[in-house]
Amino acid sequence: MRHFIITLICVLALASCTKKQDDGAASHQTWDCTSFNSSKPYDFQKDYPNSHFVKLEDGPEAQIGMISKLLVNDSLLIILDKDFVKKVLVFKPSTGKFLNSIGQTGSGPDEYTMIKDISYNSQNGTIHALCDRDKVFVYNLAGELTSSRTAPCPASFMEYNDGRYYFFSSDDSCGEITVADTAMNVVASFFPNGQNPIVHTLLHPFQKHQNGDITYVRYMDNNIYRINDADSIEIKYAVDFGDTAYTREMAEADGEDKIRVNMRNKRGCIKYYTENEREAAIVFFDNAMPCMSILNKETGESTNIPLENICDSFLGRNVSPIEFATPDGLIMVLNPAATEPGTPLAEAIDDSNENPIIYYLAR
């Protein structure tokens, strides 16, 4: 199992480009993470009997060091590796066959030294890449650069949907979230950074949904937010961690130096969040122990388990956190070098292929 390293009171102000947060009281859903369902081992195969894996093809053009972001639909599996190969790689989701790589490192006007984040526009088949110098490059699936523009603020994460860009920034000159149109005119801004004593973010703060909503998770915030097509923000899920919850207000009062110490005996700190049409999943901490919760969106019931109690009869005990989702399932990214010997997975993979394994959890 991976080692987890914990590496942000919601304040909204009125300004010329800042919109109010909606109350959201009538629309948000409470996500119960107050207790564990059981202390017994939990086998994913019990609830996900149709799970299967895909080994990504490797080769000189297809090598992946680490998956920074993964986007998937019926025909495309799009992967960003921003730390090692610094490219976007496209695979076939059903077989793992390598299709193409996108992006070019360098110092030229249409090149980059880093890709910070990506988004896929299924309406026209383009990939939007937030790069260094706050440049946003737009590529088609053949890897051709079709346009470029500059973000309206210093940004480290980005999402795009239907003519809107969503940026995360820690710069005091702008909001933690900045919403801009395709001409990079700011249309909304949320959580002013000048009023934030703590500005960090998760590894995957934004997620785009099929209905057009964008969800956002703040660091040390027990709410999961939705930005709707009216450019307003509201609470989508209020995660209830019970009497020992460590809240955003506590984190701000503690300050950077005391957060890690003071949350050791608390519950909260959402590390990962992902969602599909049927369910949503988070990884959080309880007494510094990583845990997972899966919410059934229809029934409102949640399954809460310490990660150390999770197993899979196909994988063994070597499970990874759920970081990504398909439209109707969940995804684990597995390291082939850490495969548990003697498991069905170990017997099915080729040891010479070092690319990650995509494990689809399907009901």
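Since we're looking at a predicted model, the values are computed, not measured.
Cluster annotation: I214 and I235 are assigned to the same hydrophobic cluster (Ile/Leu/Val/Met/Phe/Trp/Tyr, side-chain heavy-atom contacts under 4.5 Å, transitive). Both F44 and I357 sit in one connected hydrophobic cluster of ILVMFWY residues. Membership requires side-chain heavy atoms under 4.5 Å apart, directly or through other members.
Residues K116 and D134 are paired through a salt bridge, judged by an N-O separation under 4.0 Å between the basic side chain and the carboxylate.
Looking at R363, its side chain does come within 3.5 Å of a backbone N or O of D47 through a donor-acceptor pair. For the pair R218 (side chain) and P205 (backbone), a donor-acceptor distance under 3.5 Å is absent. A donor-acceptor distance shorter than 3.5 angstrom exists from the side chain of S68 to the backbone of K82, with no hydrogens or angles considered. Listed for the N222 side chain is no donor-acceptor partner under 3.5 Å among the backbone atoms of G268. Judged by distance alone, the side chain of K69 and the main-chain N or O of D117 form no donor-acceptor pair under 3.5 Å. In this structure a side-chain-to-backbone donor-acceptor pair under 3.5 Å is present from N355 to E57. At least one donor-acceptor pair under 3.5 Å links the side chain of K208 to the backbone N or O of Y160.
Y112 is linked by a ring pair (Phe, Tyr, Trp, His ring centres under 6.0 Å) to nothing, counting only residues two or more places apart in sequence or in another chain. Residues passing the side chain to side chain contact (heavy atoms under 4.5 Å, CB included) test with D243: none are found, sequence neighbours excluded. Remark: H209 engages no residue in a ring pair (Phe, Tyr, Trp, His ring centres under 6.0 Å) (not counting sequence neighbours). Here V85 pairs with D81, K87, L89 under the side chain to side chain contact (heavy atoms under 4.5 Å, CB included) rule; sequence neighbours left out. Taking T146 as the reference, V138, N140 meet the side chain to side chain contact (heavy atoms under 4.5 Å, CB included) condition, with sequence neighbours excluded. With sequence neighbours excluded, the residues satisfying side chain to side chain contact (heavy atoms under 4.5 Å, CB included) with K266 are Y246. Remark: Y120 pairs with no residue by the ring pair (Phe, Tyr, Trp, His ring centres under 6.0 Å) rule, at least two apart or across chains.
Applying the salt bridge (charged side-chain N to carboxylate O under 4.0 Å, His left out) definition to pairs two or more places apart or across chains, those involving residues 160-171 are R164-D231. Note on residues 122-131: pairs passing side chain to side chain donor-acceptor pair (under 3.5 Å), not counting sequence neighbours, are N121-N124, N124-T126, T126-H128, H128-Y165. Sorted by first and then second residue, the ring pair (Phe, Tyr, Trp, His ring centres under 6.0 Å) pairs involving residues 305-326 (not counting sequence neighbours) are F53-F314, H204-F324.
Side-chain contact between M332 and L361 is present, with at least one heavy-atom pair separated by less than 4.5 Å. Taking the side chain as every heavy atom from C-beta outward, F168 and E176 approach each other to under 4.5 Å. For the pair C174/V186, no side-chain contact is recorded, criterion being any heavy-atom separation below 4.5 Å from C-beta on. When side chains are defined from C-beta on, F190 counts as touching V179, because their heavy atoms get closer than 4.5 Å. A 4.5 Å side-chain heavy-atom check between I127 and L141 finds at least one atom pair inside the cut-off. By the 4.5 Å heavy-atom criterion applied to side chains, L130 and F167 are counted as neighbours. A 4.5 Å side-chain heavy-atom check between I198 and I259 finds at least one atom pair inside the cut-off. Within the 4.5 Å cutoff, no side-chain heavy atoms of L345 are placed close to those of D312.
Using modelled atom types and a 3.5 Å distance limit, the side chains of D132 and T113 yield a donor-acceptor pair. Judged by distance alone, the side chains of Y42 and N37 never bring a donor and an acceptor atom under 3.5 Å apart. No donor-acceptor contact under 3.5 angstrom links the side chains of N161 and Y166, judged on distance only. Looking at Q207 and T215, their side chains never bring a donor and an acceptor atom within 3.5 Å of each other.
For R278, the CZ atom counts as loosely surrounded, since its 6.0 Å shell holds 12 or fewer non-hydrogen atoms of other residues, nucleotides or ligands. Atom CD of Q45 has more than 12 heavy atoms from other residues, nucleotides or ligands within 6.0 Å. No more than 12 heavy-atom neighbours from other residues, nucleotides or ligands sit within 6.0 angstrom of CD on E354. The 12-atom threshold is exceeded at CG of N50, counting heavy atoms of other residues, nucleotides or ligands nearer than 6.0 Å.
Atom-to-atom distance recorded for L76:CG and L71:CG is 10.0 Å, nearest 0.5 angstrom. Between the CG atom of D58 and the CZ atom of F98 there is a distance of 11.0 Å, given to the nearest 0.5 Å. Atom CD of residue E252 and atom CG of residue D221 lie 9.0 Å apart, to the nearest 0.5 angstrom. Taking CG of D110 as the reference point, atom CD of Q104 lies at 10.5 Å (rounded to 0.5 Å). To the nearest 0.5 Å, atoms CG (L80) and CD1 (I102) are separated by 11.0 Å. Atom CE of M220 and atom CD1 of I270 lie 10.5 Å apart (nearest 0.5 Å).
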>> Before you tell me yes or no, could you show the steps for R149 and T182 under side-chain contact (heavy atoms from CB on, under 4.5 Å), namely the whole-Å CA-CA distance, both residues' side-chain angles and the distance that decides it to 0.1 Å?
In response: CA-CA 9 Å; R149 56 210 71 177; T182 55; 3.9 Å; yes
> Can you check side-chain contact (heavy atoms from CB on, under 4.5 Å) on Y48 and L330, steps first, answer last?
Replying inline: CA-CA 10 Å; Y48 299 88; L330 300 169; 3.6 Å; yes
> Given T274 and Y272, is the side-chain contact (heavy atoms from CB on, under 4.5 Å) satisfied, shown in steps?
Replying inline: CA-CA 7 Å; T274 192; Y272 297 112; over 6 Å; no
> Can you check side-chain contact (heavy atoms from CB on, under 4.5 Å) on E323 and L70, steps first, answer last?
Replying inline: CA-CA 9 Å; E323 295 185 57; L70 183 153; over 6 Å; no
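Under the 6.0 Å cut-off for aromatic ring centres, Y225 and F191 qualify, their centroids lying closer than that.
Heavy atoms only, all atoms of each residue included: R264 and R260 are closest at CG-O, 3.1 Å. Heavy atoms only, all atoms of each residue included: G108 and R133 are closest at O-NH2, 3.6 Å.
In this structure, F84 belongs to a hydrophobic cluster whose other members, linked by side-chain heavy atoms under 4.5 Å apart, are M66.
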Indicate every side-chain donor-acceptor pair of residues 283-307 with a distance under 3.5 Å to a residue at least two apart or in another chain.
residue, atom, partner, partner atom, Å
D286, OD1, R267, NE, 2.7
D286, OD1, R267, NH2, 3.2
S293, OG, W31, NE1, 2.8
S293, OG, N304, OD1, 2.5
N296, OD1, E298, N, 3.0
N296, OD1, T299, N, 3.1
N296, OD1, T299, OG1, 3.4
K297, NZ, E275, OE2, 2.8
K297, NZ, N276, O, 2.8
T299, OG1, E301, N, 3.2
S302, OG, D32, O, 2.5
N304, ND2, D32, O, 3.1
N304, ND2, S35, O, 2.9

